[in-house]
Protein chains: 2
Amino acid sequence: MSTTGQKLRELREKAGLTLRKAAMQADIDVAILSKMERGERKLTKELILKLAKMYNENPEKLIIDFLSEKVIYELKDEEFGLKALKVAEKQIKYMRTNNK
Amino acid sequence: MSTTGQKLRELREKAGLTLRKAAMQADIDVAILSKMERGERKLTKELILKLAKMYNENPEKLIIDFLSEKVIYELKDEEFGLKALKVAEKQIKYMRTNNK
DNA sequence: TTTTGTGTTGACTATTTTTGTCAAATTTAC
DNA sequence: GTAAATTTGACAAAAATAGTCAACACAAAA
């Protein structure tokens, strides 16, 4: 399984951009982008959207992976992680049908 | 839906403990426990376990609710929140069967 | 009406985590 | 070997989190 950072790196390379150029265009420090692509710093939703646009990529899949990584990070070592996911899912579905 | 904090308050009252006594026994400041029960400060897993023990309550349900609240907090306003949950679930299941 | 018990609030400090910046070091491609 | 590209680590700045304390509000009891 490749991480969101890794996917962003692949997309950047496919778009023919160097780290420097991409970082400059996205208006962040090159060191930070380097670390983000390698999972050493946390990604943000805003940056992912910006990069997706730069790379002409539909952001949906990237965002979904990004969010699920955050969830996994919180639950991976939790004995009741899966049960918690089920409860969260039910709750969110409920919130969606009953607007809020 | 009542929050984990609210449940902890109910359990404390059922156990006949005042805020001050419970906080003292759990070795935290009374202000913090007050705020945690009312959702003004974040709960921690460790404290929940300690309180559950003090109140003679099985901690499983409390922990599951606590974890799911954290997940919901991250995803509630996300368009792709539910999809992210599905991905996370699949991933965690995979991790469990293939031991990491 | 004063005292006592209980919970709440806000101001303040301390600590930890996150974020940003930069330059040097390393790696890669030519 | 040189130049371009990436990685690394040290450091500072800023933000988020956690802990401490005293004062406040309220109700019930004395």
Side-chain angles (χ1 to χ4, degrees), chain A residues 2-52 54-55 57 62-63 65-78, chain B residues 2-52 54-55 57 62-63 65-78:
Chain A
S2 81
T3 65
T4 307
Q6 287 174 311
K7 280 173 207 147
L8 286 171
R9 168 152 294 188
E10 285 164 21
L11 290 171
R12 172 174 61 77
E13 288 169 346
K14 211 162 56 169
L17 288 170
T18 66
L19 255 191
R20 277 179 196 293
K21 283 183 189 162
M24 197 161 163
Q25 212 171 314
D27 196 35
I28 59 172
D29 191 283
V30 62
I32 291 178
L33 184 55
S34 169
K35 285 169 186 167
M36 282 176 165
E37 286 185 349
R38 287 171 301 112
E40 218 181 287
R41 286 249 179 147
K42 286 180 189 161
L43 286 162
T44 67
K45 191 185 167 190
E46 289 62 39
L47 182 64
I48 292 172
L49 292 174
K50 194 183 271 187
L51 294 176
M54 284 168 46
Y55 306 154
E57 184 76 10
L62 289 166
I63 295 296
D65 287 346
F66 162 68
L67 293 173
S68 83
E69 273 169 17
K70 287 209 292 185
V71 170
I72 288 165
Y73 178 79
E74 284 189 335
L75 299 185
K76 65 178 177 345
D77 297 325
E78 290 294 340
Chain B
S2 80
T3 65
T4 308
Q6 287 175 310
K7 280 173 207 147
L8 286 171
R9 169 152 294 189
E10 285 163 22
L11 290 172
R12 173 174 60 77
E13 287 169 347
K14 212 162 57 168
L17 287 170
T18 66
L19 255 191
R20 285 192 161 80
K21 283 183 190 162
M24 197 162 163
Q25 213 171 314
D27 195 34
I28 59 172
D29 191 281
V30 62
I32 290 179
L33 185 55
S34 169
K35 287 169 186 167
M36 283 176 163
E37 286 184 349
R38 287 171 302 114
E40 219 182 288
R41 287 250 178 146
K42 286 180 188 162
L43 286 161
T44 66
K45 191 183 166 190
E46 289 62 38
L47 182 63
I48 292 172
L49 292 173
K50 195 183 272 188
L51 293 176
M54 282 168 47
Y55 305 154
E57 185 75 11
L62 289 167
I63 294 296
D65 287 346
F66 163 68
L67 293 174
S68 82
E69 274 169 16
K70 287 209 292 186
V71 170
I72 288 166
Y73 178 78
E74 284 189 333
L75 299 185
K76 65 178 174 352
D77 297 324
E78 290 294 339

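Computation of the quantities below employed the complete heavy-atom set of this structure, encompassing side-chain atoms and omitting hydrogens, waters and symmetry-equivalent molecules. By convention in this document, chain letters (A, B, ...) are assigned in the order of the sequence lines, proteins followed by strands, and residues within each chain are numbered from 1.
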Hey, does the side chain of R12(B) come within less than 4.0 Å of dG7(C)'s phosphate (OP1/OP2), counting only N and O? yes
Between T4(A) and I48(A), what is the shortest heavy-atom contact and its length? CG2-CD1, 4.2 Å
Can a side chain N or O of K42(B) be found less than 4.0 Å away from OP1 or OP2 on dA18(D)? no
From CD of Q6(A) over to P of dT6(D), roughly how many Å is that when rounded to an integer? 16 Å
Report the distance from atom CG of L47(A) to atom C1' of dG20(C), rounded to the nearest whole Å. 14 Å
Tell me whether the count of non-hydrogen atoms from other residues, nucleotides or ligands lying under 6.0 Å of NZ in K21(A) goes above 12. no
So, K7(B) and E57(B), do they make that salt bridge, N to O below 4.0 Å? no
Atom of L19(B), atom of E37(B) and distance for their closest heavy-atom approach: CD2-OE1, 3.7 Å
Return the value, rounded to whole Å, for the distance between atom CD of E74(B) and atom P of dA16(D). 15 Å
Taking everything shown except K14(A) itself, do over 12 heavy atoms lie less than 6.0 Å from its NZ? no
Under 3.5 Å donor-acceptor pair, R9(B) side-chain atoms to dG7(C) base atoms: no
L43(A) atom CG is separated from dT19(C) atom C1', nearest whole Å, by 14 Å
For a quick test of reading the model, state the closest non-hydrogen atom pair linking R12(A) to L17(A) and the distance between them. NH1-O, 3.0 Å
Heavy atoms within less than 4.0 Å of DNA chain D: which residues of residues 15-39 of chain B have one? Give them sorted by number. D29(B), A31(B), I32(B)
I'd like a table of atom pairs between the protein and nucleotides 27-30 of chain D - only N or O on both sides, under 3.5 Å - with the distance next to each one.
none

Rounded to whole angstroms, how far apart are CZ on R41(B) and P on dA16(D)? 14 Å
Using every non-hydrogen atom in the two residues, find where L8(A) and Y55(A) come nearest and quote the distance to one decimal. O-CE1, 3.6 Å
Can I get a per-line list of side-chain donor-acceptor pairs under 3.5 Å for residues 22-36 of chain B, giving both atom names and the distance, sequence neighbours left out?
unit_1, atom_1, unit_2, atom_2, d
D29(B), OD1, A31(B), N, 2.8
S34(B), OG, R38(B), NE, 3.4
S34(B), OG, R38(B), NH2, 3.0

Would you call K45(B) and E78(A) a salt bridge, taking side-chain N to carboxylate O under 4.0 Å as the test? yes
